[in-house]
Amino acid sequence: MSDQLKVWVNQQLHEVLTMSNSTMAEYLIKLTQQLPTKTEVLDELRGEVTVDAKMELFVDQLWQRIRGGNHETEGSCKCKKSSTEVVKKNIMGEDSSKSKGEGSKLLARRTVTADSDNEETQRLRDLQERDEYSERLRQRDDERTRKVSEKGDEKTFEEAAKRLQLEKEDREKVFMKYLVKRKDDKQKELKADIKDDEFFFEEEDLTERERKDCEYKRSVLKLTKKYDQVQDDENEQGYVTPDEKVSVDDRDVEVDEREKKHGDEQKKWEEDQRRGTSLSFGARDKAKRCQETEKEYNLVFEDEIKFIKSLPLAGTRKKTEKKTKEQKKEEDSNQEEDEEEKEEPKVSEFKKKTMTIQEVQRSLSVYPCRGSLLAAIEEHQVLIIEGEPGSGKTTQIPQYLLEHGYCQDGKKIVCTQPRKVAAMSVAARVAEEMGKKLGNEVGYSIRFEDCTSEQTKVKYMTDGMLLREFLVDPSLAGYSVIMIDEAHERTLHTDILFVLLKDIIRFRPDLKLLVSSATLDSAKFSDFFNAAPIFRIPGRRYPVHIYNTRSPEVNYIEAAAITVLQIHITQQLGDILVFLTGQEEIEACQEMLTEHIKGLSSKIQELLILPFYANLPSDMQAKIFEPTPPGARKVILATNIAETSLTIDGISYVIDSGYVKQNYFNVRSGMESLVVNPISQSSANQRAGRAGRVRPGKCFRLYTQWTFENEMEENTIPEIQRVNIGNVFLQLKSLGIHDLINFYYLDPPPAETSKLALEQLYALKALNYKGELTSMGRKMAEIPVEPMMARMILAADQHKVVEEILTIAAMLSVNGDIFYRPKDKAIQADEARKNFFHPDGDHLTLMNVYNEWVGAEYSQQWCNEVFIQHRSMKRARDIRDQLVGLMERVEVQLSTNPGDSVVIRKAITTGYFYHVAHFSKCGGMYETVQKSQTVTIHPQSCLTENLPPWIVYHELMMTTKESMCNVIVIDGKWLLEVAPHYYKDNEEDVRN
DNA sequence: CATGCTGAA
């Protein structure tokens, strides 16, 4: 009975509280079952939520249902006490007076000394304010949706069509104007380039490659329209290409000039793909002619590295056998197997390129399972779908669902992706397959771009966006199917989504949940969703042969460089991908390789060395997607950006150093540290898999088989256990989930991290002493930044410096460097940076940079001159615009006071009073106030010479030293002014 | 003297 009851209670709760969750439902049922009288239930409830007449009525009904006429229950006396305990535990996870750590001592002290009456009234007022605010928010949202629907509510279809047409034309006009200007610029540039080439190389005998290059430039000139489109938007250029895209067909698509921006990008991308493939085929043919095939290792260098061949990474055939054993539904398995074996060998990659869309769809390995898959979805509410990349699950399954009628009565199918680019390109692909325009039936929604309309039925979005939607509509009523794709990546957002979805499927029996994952974790997901069935889709991957070193390598950078040369000399053509940990290592490796090649240049084929990491300027990044010239070989030295985020075609060899740099949040020191760690077995396999996309490949691991088996973790530690989860907790709280610590996570965050997160939220006044969300907290949850930064922005309103703080917040949110510092021009770059320095600290320096960039009309030219990354600045502008747009929502008026550095710094301190460090004269070092950690100012800061007594830092990073990044000078007294509740006990210290 | 892996809102 209890499940049914819970569903009912949840529905009622939804009515009464405009929110719902089953923890609350369970709690209520328990109360009603255990307390002796209804009045006591109500009293107990008042401690939790505001109880109005509606609520009272509901409790009355519940009482009737459960207790009926029966007024006595055993054990009711002791229940009262235990449920109070429960509430208390919900706040801190354990009895707060017993907790360790300074923060909680402070909390305990506060709870004891506080005047309880004042506390109570304050709390009630706060809660009331919060509810009022929520109500206002809701009304505004309603109004907005009404406006939208009114807009779409023209009397006749013709009128609506006309309006849409007009709007569209308007957009297009602006866009075309822009295109023309762009084209002219680029054409000029290209012309000059070609002229240069002709001038310099006229008389010389051009090599094949150079001639190709010239021809290419000329052809580009003709195709400018298509090309400048892409060159413009560096951020998106050439990035992720989801697996399914490999099978893009070669149909000639007419260029529709009026197509939207991303549509064009998509085409350009396909163009690139086609070119890349045909050329790399050329390369392969040539290699065959050279008879360089399949030689095993020859002794080439004195310090040659010996590899041992071990078992290959499973190709398709092997998978099939394994599958038969595991497959739960036998008939499915047999069926799949048969069809697969017939089909598999025939479909070559080349053939795929020339097929029509329909043929491609049929050739994908989900296609044969269509019927059984739909039946399984019909039968089960939750289904785990397991399949190799490239099986077509991301693109095909939503279409199947749509065709099968899951979108009736206006509900949508949604599919989440961990990355923006993936969401965009998959949506574009599906729109094309369905012959619909992107943004109509098929759309996508990502942070800075919502490309959907009222007719959208299939929606691709990033997981973070779906999480945001939970804040607006906690039951996700608009969706009929939710598909979580790439779940095995275990990003923070997917993990949280799981928690929330597990909750809502209990009272939304009509909602279907699909979780798609690579092979490894599916059993775990299945357990989490109460043994949900697993559906396996046979994959299609070429086998990758794995080679391990015979003995451990000490210097893996050098080992990598040597292996590259070994491959280059002994193996047939095919590009090499090398995994290293960071920019510095990549540069070192690059140097080493160029050094070696110099000595051999006449004897070997051409070797192109290309570095690749996120902070690399985008024009350099684009180079790795350019096709390899025939007869040459590309070596890409990459960080783990190449592990999941994007696919590079033509990779046949992978060299794996076995290490990554990972961010760990250390609770005890409150510090993030970036450390080089051995990778996990699953990520080693992921890396190896990169070699087998186009044809059978080889992976060279710079560690021994023994190391792999004994010293590596099986799986990478999920993000939720590695990072600061303050932000996540704030969001969950604002969804009405009270007990965060005992919540049922896929992998729970460490208890200490959770406690710290709650303490910080309390100190920021986002939670009251009962652990309830305050009005401040409600507003903070609305702003998509870390809690401390959100607090800073809200504080800016009091100080009337909102514009300035928003600029600073945006600049701080840009990860990656603002300042570009190439090794060869380090001195000039440092000089250029010094011009922006503000005596009061780095935050203000950043503000200067932004404002000057605005003054230079967002010019890229200007950025290049002063060694600033234009890409980062554009991102900062996007973030700032978004934040400005949100200010109305949190009821903050824009205000500005650019000259007043004191006020700006005070606002920052209000948010970051947790991050204060004091210069101790005896030690000659900085010490954090919170944990007494010895730290230094980061060398890039502008305050390295002054050493003021009190500073606020933005973040603490452990690299080679514990250093504070982005610091400002403050006056110790401000701390009392700004965060008296936190600093009143250290008053004397702060004053001197 | 000292200098950062990747995503997402």
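Quick note on labels: first sequence line is chain A, next is B, and so on, each numbered from 1. Source: prediction; values computed, not measured. Atom set for the values below is all heavy atoms of this structure, side chains included, hydrogens, waters and symmetry mates excluded.
- One can place CG of A/N640 at 5 Å from C1' of B/dC5, the figure rounded to the nearest angstrom.
- Scored by the side chain to side chain donor-acceptor pair (under 3.5 Å) test, A/Y479 finds A/K459, A/E469 as partners (sequence neighbours excluded).
- The aromatic rings of A/F819 and A/F836 are tilted relative to each other, their planes meeting at an angle between 30° and 60°.
- Across all strands shown, A/V676 has no heavy atoms under 4.0 Å from either base or sugar-phosphate atoms.
- For A/G582 and A/P784, each mapped to the nucleotide of DNA chain B holding its nearest heavy atom, the one lying further toward the 5' end belongs to A/G582.
- Among the protein residues, A/E585 comes within range of no part of the nucleic acid, since none of its heavy atoms lies under 4.0 Å from any strand.
- Across the protein-nucleic acid pair, A/E719 atom CD and B/dA9 atom P stand 13 Å apart, rounded to whole Å.
- Residue contacts for A/N727: at a heavy-atom cut-off of 4.0 Å it reaches a base atom on one of the strands shown.
- Here the P atom of nucleotide B/dA2 and the CG atom of A/L947 are 17 Å apart, to the nearest Å.
- Which of B/dG7, B/dG4, B/dT6 sits closest to the side chain of A/E955 comes down to B/dG4.
- As judged by a 4.0 angstrom heavy-atom cut-off over every strand, A/Q882 is placed among residues making no nucleic acid contact.
- The side chain of A/T639 lies closest to B/dT6 when the candidates are B/dA9, B/dG7, B/dT6.
- Look at CG on A/L580: it is 16 Å from P on B/dG4, rounded to the nearest Å.
- With sequence neighbours excluded, no residue satisfies salt bridge (charged side-chain N to carboxylate O under 4.0 Å, His left out) with A/D881.
- Nearest nucleotide to the A/H938 side chain, out of B/dG7, B/dT3, B/dT6: B/dT3.
- In this structure, the CD1 atom of A/I725 is 23 Å from the P atom of B/dG7, given to the nearest Å.
- Listed nucleotides B/dA8, B/dG4, B/dA9 differ in distance to A/C965; the shortest reach to its side chain belongs to B/dG4.
- Contact annotation: A/T462 reaches the phosphate of B/dA9 (side-chain N/O to OP1 or OP2, under 4.0 Å).
- Of all nucleotides listed (B/dA8, B/dG4, B/dC5), B/dA8 comes nearest to the side chain of A/K420.
- If you check every strand for non-hydrogen atoms under 4.0 Å, A/R447 touches a base.
- The side chain of A/T491 places no N or O atom within less than 4.0 Å of a non-bridging phosphate oxygen (OP1 or OP2) of B/dG7.
- A/E486 and A/K393 are not joined by a salt bridge, as no carboxylate oxygen comes within less than 4.0 angstrom of a charged side-chain nitrogen.
- Rounded to whole Å, atom P of B/dA9 lies 21 Å from atom CE of A/M788.
- No salt bridge links A/D878 with A/R875; every basic N to acidic carboxylate O contact stays at or beyond 4.0 Å.
- Going from atom CD1 of A/I937 over to atom C1' of B/dT3 covers 15 Å, rounded to whole Å.
- Within a 6.0 Å radius of CZ in A/F498, more than 12 heavy atoms belonging to other residues, nucleotides or ligands are found.
- Taking atom CD1 on A/I879 and atom C1' on B/dA9, their separation rounds to 9 Å, with Å as the unit.
- Proximity note for A/H493 (side chain, C-beta onward) versus B/dG7, B/dC5, B/dA9: the nearest is B/dA9.
- The nucleotide whose nearest atom lies closest to any side-chain atom of A/P939 is, among B/dA8, B/dC5, B/dA2, B/dA2.
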